[in-house]
Amino acid sequence: MTPSPVLLRRTQQVIQQLKRSYPEAHCELDYANPLQLLIATILSAQCTDVRVNLVTPALFIRCRNANDYATIPQTELEVIIRSTGFYRAKARSIRACATALVSDHQGEVPQTMKELHQLAGVGRKTANVVLGNAFNLAEGVVVDTHVGRLSRRMGLTRQVDPVKVESALVKLVPKKEWTLFSHLLIAHGRKRCPARKPDCANCEILKLCPRIGAR
DNA sequence: ATCCCGAGGG
DNA sequence: CCCTCTGGAT
């Protein structure tokens, strides 16, 4: 099903305006290579990027390659990443993920959705983050809590399931802008349009918002 | 649908 | 207290 011209146009306007409002929009996780981004993104589940960036400096010193993550004791890893929440599950995922990197991928981070998605702790969202930001090989749009919420508020989709939101977005957004699009929506979601108390009075894209503006 | 789990805001 | 923060696995 091809999207309506009206929706396509609104999407273009949203992108255009957000580019002006957030010219610096980028991935807020601190990382220096694909492995560091993969680990940071696993840690970012249900947690702010600011908090992830608080624990990764020590983690990246302790673990410099996939083998280091595969062999670090569970408890030692838990202590380092504790404040990011879900620390037992995240530590298990990271160790299992790294073990697979060593045994199946020569210790390197794979560059396809299929391979990334098979790693422990790596869902579509995490895989899309790594593909788009570390490799510039986006196979889809990152749909996190912000992208899902803003896409619905802006009337780009009515879907709730992140996978369905993504399939709607890839039809609306030019492929070249998939990665930037997520960064723009996340930046706006944080600054102006959080889940709880959106600051509509100062919103840069209020006129494009079907609930408030555009009427 | 439920669990994993910490930290901060309102 | 309840909700939210760049989710994923069972």
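We name chains A, B, ... by the order of the sequence lines, and we start the count at 1 in each one. No experiment lies behind these values; they were computed from the predicted model shown.
Contact between the side-chain N/O atoms of R82(A) and the OP1/OP2 oxygens of dG6(B) is found at a separation under 4.0 Å. T145(A) has a side-chain polar atom (N or O) that falls below the 4.0 Å cut-off from OP1 or OP2 of dC5(C). Listed pair R190(A) / dT6(C) meets the phosphate criterion, a side-chain N or O lying under 4.0 Å from OP1 or OP2. For R149(A), no side-chain nitrogen or oxygen approaches OP1 or OP2 of dT6(C) to under 4.0 Å. Side-chain N/O atoms of R51(A) include none lying less than 4.0 angstrom from OP1 or OP2 on dG6(B). Of the side-chain N and O atoms in S182(A), none sit less than 4.0 angstrom from OP1 or OP2 of dT6(C).
When distances run from any side-chain atom of R196(A) to the nucleotides dA7(B), dG10(B), dC4(B), the shortest one goes to dG10(B). The side chain of Q46(A) has dG7(C) as its nearest neighbour among dG7(C), dG6(B), dT6(C). Checking dG6(B), dC4(B), dT6(C) against the side-chain heavy atoms of E28(A) singles out dT6(C) as nearest. Proximity note for F86(A) (side chain, C-beta onward) versus dA7(B), dT4(C), dG7(C): the nearest is dG7(C). Distance from the side chain of T48(A) is smallest for dC5(C) among the nucleotides dG7(C), dG6(B), dC5(C). Taking every side-chain heavy atom of D49(A) into account, dT6(C) is the closest of dT6(C), dC5(C), dC4(B).
Atom pair L150(A):CG and dT4(C):C1' shows a separation of 14 Å (rounding to whole Å applied). One interatomic measurement links the two molecules: NE2 of H146(A) to P of dC3(C), which rounds to 18 Å at whole-angstrom precision. Atom pair N128(A):CG and dG7(C):P shows a separation of 13 Å (rounding to whole Å applied).
Between D144(A) and K125(A) there is no salt bridge, since no side-chain nitrogen of the basic residue lies less than 4.0 Å from a carboxylate oxygen of the acidic one.
A distance of 4.0 Å separates CD of E204(A) from CZ of R192(A), quoted to the nearest 0.5 Å.
Lacking a ring centre under 5.5 Å from that of the base six-membered ring together with a plane angle below 30°, Y87(A) does not count as stacked on dG6(B).
K19(A) places no side-chain N or O within donor-acceptor distance of the main-chain N or O of L180(A), the cut-off being under 3.5 Å.
Under the 3.5 Å distance criterion, with hydrogens and angles disregarded, a donor-acceptor pair is assigned to the side chains of E78(A) and Q74(A).
Taking the P atoms as reference points, dT6(C) lies 24 Å from dC3(B), given to the whole Å.
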